[in-house]
Visitor: 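Dumping the structure here so I can ask a few things about it.
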Amino acid sequence: MRFGEQLQMHVTPEWRKQYINYAKLKAILNQWTPEEVRGPGNEERHAAVGEEFFPLIRRELRKVDQFFLAREADALIKFDELSSDLSLTLASKNQPPLGPVASPAALSTGGRVRQRRRTMIGGAANPGLKAQDRSIASLRDAFSEFYLSLILLQNFEKVNTEGFRKICKKHDKILCVTSAMDFHRNSVLQAYSHKSTSVCDLILKTENAVIERLEGGNRQKAMNKLRVPPLDSQVEPSTLFRLGLWLGVFVTCLLALIIGAVYVDVSKADRALEVLRLFRFGFIILLMAFLIGINFYFFRRAGVNHVLIFEVNPRDNLPGVKIMEISSM
């Protein structure tokens, strides 16, 4: 698979414009064939390519670096806010809850027993405890989403660094020079986005906070909560085959139904309408699911964040092709 296709698979939709413009840089190099560049007068062609290629790649590097720096600063602020909220919540949880004032009858043994029973069945449960439980649960979700954003930012840096390496290597291969790889070594690898370790440190701090402070040291439970799905997941060929097979069967049945409706005896038309009324509910549901799968597929290709639009779980959701396959069955 070509790197341009791999880049599209790893792109975070809402950050699409912040990635390296690999296609434009590649188009500059594809203006010349290796034979033309290596032929007579190659110095002038080298200069022409360099005047167009290097200013653009410097702008792309500056764009990537500035975006990474801004997102990193936001992540540092967000982590401080989450850590502060976690400390306050845990501190309030360790304090004795403020419950209703006990009546004199409650001071007796029978009163305490009745009060305990009401608490166990939820009749006199302390609202402060419920609020604390909800706060802990919301903090778990907040740390989980924050962890996902850190992984995406880390992936952003890796993909762009690899993109700069690929395009510089392609430049030097076509022109038979080493200037682009020198730029990669002296500029790309020295950029802030590549040398910064803040994102890795935040990932480790987030894992430790969830493991030690939210899950009581249970690492397996914490990492299951923080789990991030593979960012380079591909559609299996067998899925595409089954999708094509079931769509072919559906189209064949639909054509047979249309032909039968045209040539059916008028006296049996009412029976055919009854069959359509009987199965129309299920057909509408499957049709809706199929159209949702189409939306997922084309939104993803166009860089639209369908996860946010349809409010699906970013960690556990089916790709559009898989949804179309299920609905076509």
Visitor: How many angstroms lie between atom CG of Asn21 and atom CD1 of Ile57, to the nearest 0.5 angstrom?
Guide: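 Rounded to the nearest 0.5 Å, the CG-CD1 separation comes out at 11.0 Å.
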Visitor: Would you check if Leu153 and Glu157 make a side-chain contact, meaning some heavy-atom pair closer than 4.5 Å?
Guide: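 With C-beta onward as the side chain, the pair stays apart.
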Visitor: Any side-chain heavy-atom pair from Leu86 and Phe143 closer than 4.5 angstrom?
Guide: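 Of all side-chain heavy-atom pairs linking Phe143 with Leu86, at least one is under 4.5 Å.
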Visitor: Can you tell me if Asn155 uses its side chain to pair, donor with acceptor, with the backbone of Ile151 under 3.5 Å?
Guide: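 Not a single qualifying donor-acceptor pair exists.
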Visitor: Rounded to the nearest 0.5 Å, how far does SG of Cys168 lie from NZ of Lys173?
Guide: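 Interatomic distance, Lys173 NZ to Cys168 SG, rounded to 0.5 Å: 15.0 Å.
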Visitor: For the backbone of Asp182 and the side chain of Asn186, can you confirm whether one donor and one acceptor N or O come within less than 3.5 Å of each other?
Guide: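 At least one qualifying donor-acceptor pair exists.
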Visitor: With a 6.0 Å cut-off (strictly less than), is the heavy-atom count around NZ of Lys78, excluding the residue itself, greater than 12?
Guide: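 It does not: Lys78 NZ has 12 such atoms or fewer within range.
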Visitor: From Ser87 OG over to Leu82 CG, what is the distance, rounded to the nearest 0.5 angstrom?
Guide: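 Between atom OG of Ser87 and atom CG of Leu82 there are 10.5 Å.
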Visitor: Run through Tyr192, Phe156, Tyr19 and flag the one making a ring pair (Phe, Tyr, Trp, His ring centres under 6.0 Å) with Phe67.
Guide: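 For Phe67, the ring pair (Phe, Tyr, Trp, His ring centres under 6.0 Å) check succeeds only for Phe156.
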Visitor: Flag yes if more than 12 heavy atoms outside Gln220 fall under 6.0 Å of its CD atom; otherwise flag no.
Guide: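 No, the 6.0 Å shell around CD holds no more than 12 heavy atoms from other groups.
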Visitor: Evaluate Thr178 against Asp172 for side-chain hydrogen bond (donor to acceptor under 3.5 Å, both in side chains), listing each step before the verdict.
Guide: CA-CA 5 Å; Thr178 60; Asp172 289 353; 5.6 Å; no
Visitor: I want to check something: taking the side chain as every heavy atom from C-beta on, are Asn160 and Leu61 in contact at a cut-off of under 4.5 Å?
Guide: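 Not in contact.
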Visitor: Within the distance-only criterion (no hydrogens, no angle test), does the side chain of Lys221 pair as donor or acceptor with the backbone N or O of Gly216 below 3.5 angstrom?
Guide: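 Checking the backbone N and O of Gly216 against the side chain of Lys221, no donor-acceptor pair under 3.5 Å is found.
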Visitor: Are Lys225 and Asp141 side-chain neighbours, meaning at least one heavy-atom pair lies under 4.5 Å?
Guide: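 Yes. Closest side-chain heavy atoms under 4.5 Å.
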Visitor: Using side chain to side chain contact (heavy atoms under 4.5 Å, CB included), reason through Leu189 and His184 one step at a time and then give a plain yes or no.
Guide: CA-CA 6 Å; Leu189 297 184; His184 179 267; 3.6 Å; yes
Visitor: When you compare the side chain of Val64 with that of Phe164, does any pair of heavy atoms fall below 4.5 Å?
Guide: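 Result yes, sub-4.5 Å side-chain heavy-atom pair found.
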Visitor: Hey, does the side chain of Ser138 reach the backbone of Ser135 with a donor-acceptor pair shorter than 3.5 angstrom?
Guide: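 Side chain of Ser138 to backbone of Ser135: a pair is present.
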Visitor: Rounded to the nearest 0.5 Å, how far apart are CD of Gln190 and CZ of Arg185?
Guide: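 The CZ atom of Arg185 is 10.0 Å from CD of Gln190, to the nearest 0.5 Å.
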Visitor: Are Arg140 and Ser144 side-chain neighbours, meaning at least one heavy-atom pair lies under 4.5 Å?
Guide: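 Not touching, per the 4.5 Å side-chain cut-off.
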Visitor: Side chain to side chain contact (heavy atoms under 4.5 Å, CB included) for Lys26 and Leu29? Distances and angles first, verdict last.
Guide: CA-CA 5 Å; Lys26 185 178 178 180; Leu29 300 179; 5.7 Å; no
Visitor: Check whether Thr252 reaches the backbone of Gly248 with its side chain - one donor and one acceptor, N or O, closer than 3.5 Å.
Guide: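 It does hold such a pair.
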Visitor: Considering only heavy atoms from C-beta outward, does the side chain of His171 approach that of Phe54 to under 4.5 Å?
Guide: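 Yes, at least one pair of side-chain atoms sits under 4.5 Å.
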Visitor: Checking Ser84 side chain against Asp80 main chain: does a donor-acceptor pair fall under 3.5 Å?
Guide: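 Checking the backbone N and O of Asp80 against the side chain of Ser84, no donor-acceptor pair under 3.5 Å is found.
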Visitor: Starting from the C-alpha separation in whole Å, work towards a yes-or-no answer on side chain to side chain contact (heavy atoms under 4.5 Å, CB included) for Arg165 and Val188.
Guide: CA-CA 8 Å; Arg165 188 188 72 84; Val188 177; over 6 Å; no
Visitor: In Å, rounded to the nearest 0.5 Å, how long is the span from CZ of Phe146 to CD1 of Ile203?
Guide: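 Between atom CZ of Phe146 and atom CD1 of Ile203 there are 9.0 Å.
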Visitor: Could you walk me through whether Glu207 and Tyr147 pass the side-chain hydrogen bond (donor to acceptor under 3.5 Å, both in side chains) test, one step at a time?
Guide: CA-CA 8 Å; Glu207 291 177 355; Tyr147 186 82; 2.6 Å; yes
Visitor: Apply side chain to side chain contact (heavy atoms under 4.5 Å, CB included) to Ser179 and Phe183, showing your working.
Guide: CA-CA 6 Å; Ser179 55; Phe183 170 81; over 6 Å; no
